[in-house]
Number of protein chains: 2
Amino acid sequence: MSLRADAARNRSLLLAAAIEEFALHGVDAPVSAIARRAGLGKGTVFRHFPTKDDLVAAIVLDRITRLTELATELAEADDAGAAVLEFMRFAARQRQQLDLSFLSGDLGSEVAEAQQRMARAITALVDRARAQGALRPDVTGTDVMLLMCVPQDVVKHLPDAPPELWERYLAILFDGLRPEGAHPLPGF
Amino acid sequence: MSLRADAARNRSLLLAAAIEEFALHGVDAPVSAIARRAGLGKGTVFRHFPTKDDLVAAIVLDRITRLTELATELAEADDAGAAVLEFMRFAARQRQQLDLSFLSGDLGSEVAEAQQRMARAITALVDRARAQGALRPDVTGTDVMLLMCVPQDVVKHLPDAPPELWERYLAILFDGLRPEGAHPLPGF
DNA sequence: TAACAAGTTGACCGCGCGGTCCGCTTCGTG
DNA sequence: CACGAAGCGGACCGCGCGGTCAACTTGTTA
């Protein structure tokens with residue numbers, strides 16, 4: 001055993017508190033607020049995560065990993081176009097709960113490698129959809145990676161927006177990725 | 001005359017320096033850096049703009065005004081669809097030079113009113129394009145306002161991106177706004 | 001050109017942040 | 001249960017920020 005029981009519990013308490021706090025006030029939320037929300041002292045945060053960036057990296061790493069898993073899973077779906085859409089929907093929804101970008105900022109080599117793994121998984125998924133004719137011939141995995149968070153980001157600029165508005169923008173965006181004259185996917 | 005000659009010159013020097021600094025390092029760029037870039041003392045900045053927010057507001061106000069003027073101008077174009085696209089292109093290009101959002105953050109009533117004027121101008125432009133059948137029947141001015149900055153925002157996540165990449169995303173995005181089965185505009 | 005208003009400056013202040021540290025508490029074990 | 005190690009807490013530090021101010025310089029005008 002490498003971690004004491006209460007320490008493990010506190011660690012996950014801290015992660016949960018950090019996710020909430022970052023979602024609510026952005027990455028600039030002070031560490032002290034995270035500690036307060038977790039009902040712990042500030043020092044405890046730095047015991048588990050030597051640096052605030054390490055805390056951020058831990059969360060981002062988790063999110064990236066989940067996205068990678070989903071992309072890998074969806075790569076086996078019959079309808080690759082629908083799979084891409086579902087992936088983007090998941091990514092946007094996840095972004096709703098977390099203001100952190102997986103792309104910008106240097107968060108250490110571990111995160112960078114995870115990003116590359118995710119990029120590969122997404123590229124595989126997108127390549128397959130393109131081969132099936134579900135996407136424009138020039139759409140790349142990078143395109144999807146860049147665009148998948150847009151719906152949530154855009155909606156956040158509106159103070160009083162209906163909570164499902166982002167789906168509308170996802171639809172508009174995905175429509176721009178489909179080949180010309182293609183029929184819309186069911187559900188839109 | 002209400003302003004001394006050198007003071008007027010310094011004021012515009014400061015505005016230019018602030019635009020550059022904000023574009024380079026975001027809105028969080030310290031006031032001292034702006035002063036240094038302008039070759040002036042920090043105190044001078046606060047003489048012209050009592051608060052950093054006032055400086056930001058001045059710049060944002062200028063940008064919003066230009067956008068409003070352009071939207072009003074373009075409302076008289078024959079091809080309203082092409083006009084909307086050109087407007088979005090201008091907005092995105094402007095956003096390239098400035099990291100400031102015209103939408104989020106409270107920057108006083110003056111900016112808020114200017115935002116509303118811009119919203120009206122854009123809505124008029126978009127309504128006309130929609131009436132001409134150049135856009136989907138459910139596209140609103142708000143949609144265009146929210147989406148027009150996306151291309152630049154998205155590209156900024158890529159560290160080594162070709163400078164014209166944003167045009168590609170504008171094309172994808174605008175394509176999602178056009179009615180189904182419509183032929184692409186010339187140039188794409 | 002004299003004299004005053006207007007403008008400029010950089011040292012200075014208070015604040016809140018990320019991060020440190022050491023005395024104290026609590027868990028796990030023999 | 002007793003004891004050592006692992007974990008905890010919060011006062012504390014240094015830093016860089018936005019903003020202030022009083023001494024100084026400069027444009028303007030009669």
Side-chain angles (χ1 to χ4, degrees), chain A residues 1-61 99-101 104-108 111, chain B residues 1-61 99-101 104-108 111:
Chain A
M1 159 175 292
S2 64
L3 213 63
R4 236 166 62 176
D6 59 339
R9 204 199 66 215
N10 285 344
R11 187 189 154 93
S12 56
L13 268 176
L14 280 173
L15 280 171
I19 288 172
E20 287 181 37
E21 204 64 25
F22 287 153
L24 217 56
H25 300 105
V27 201
D28 290 335
V31 173
S32 61
I34 294 169
R36 204 180 319 121
R37 181 180 288 267
L40 298 170
K42 198 170 69 157
T44 307
V45 181
F46 288 102
R47 157 159 283 264
H48 288 278
F49 308 96
T51 277
K52 185 181 180 180
D53 276 354
D54 289 326
L55 173 55
V56 173
I59 295 175
V60 168
L61 195 59
D99 196 22
L100 306 177
S101 169
S104 61
D106 190 3
L107 293 173
V111 171
Chain B
M1 158 177 296
S2 62
L3 212 63
R4 237 166 63 174
D6 60 338
R9 203 199 67 215
N10 285 345
R11 188 189 154 93
S12 57
L13 268 176
L14 281 174
L15 280 170
I19 288 172
E20 287 182 37
E21 204 64 26
F22 286 152
L24 217 55
H25 301 106
V27 201
D28 290 335
V31 173
S32 61
I34 295 169
R36 204 180 320 120
R37 182 179 286 267
L40 298 170
K42 197 172 68 157
T44 308
V45 181
F46 289 101
R47 157 157 283 264
H48 288 279
F49 307 96
T51 276
K52 187 182 179 179
D53 276 355
D54 289 326
L55 173 55
V56 173
I59 295 175
V60 169
L61 194 60
D99 197 22
L100 306 179
S101 167
S104 61
D106 190 3
L107 293 172
V111 171

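Letters go in sequence order (proteins before strands), and every chain restarts at 1.
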Point to revise | B:N10 and its side chain to side chain contact (heavy atoms under 4.5 Å, CB included) partner, picked from B:L40, B:V45, B:L15 | key: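 Between B:N10 and the candidates, side chain to side chain contact (heavy atoms under 4.5 Å, CB included) is satisfied uniquely by B:L40.
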
Check your understanding: Do the side chains of B:L55 and B:V31 get nearer than 4.5 Å, heavy atoms only?
Key -> no

Point to revise | Contact check, side chains of B:V56 and B:F49, non-hydrogen atoms, under 4.5 Å | key: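 No - every pair of side-chain heavy atoms lies 4.5 Å or more apart.
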
Check your understanding: Judged by atom type as modelled, is there a donor-acceptor pair below 3.5 Å linking the side chain of A:K52 to the main-chain atoms of A:P30?
Key -> no

Practice item. Tell me, please, which residues at least two apart from A:R37 pass side chain to side chain donor-acceptor pair (under 3.5 Å). Key: A:E20, A:E21

Review point. Where along nucleotides 8-19 of chain D does protein come under 4.0 Å, by heavy atom, of base (B) or sugar-phosphate alone (S), with - for untouched nucleotides?
Key: BBB-B----SBB

Review point. Rounding to a whole Å, what distance do you find between B:F49:CZ and D:dT20:C1'?
Key: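 Going from CZ in B:F49 over to C1' in D:dT20 covers 18 Å.
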
Practice item. Write down the distance between CG (B:L14) and P (C:dG7), rounded to a whole number of angstrom. Key: 13 Å

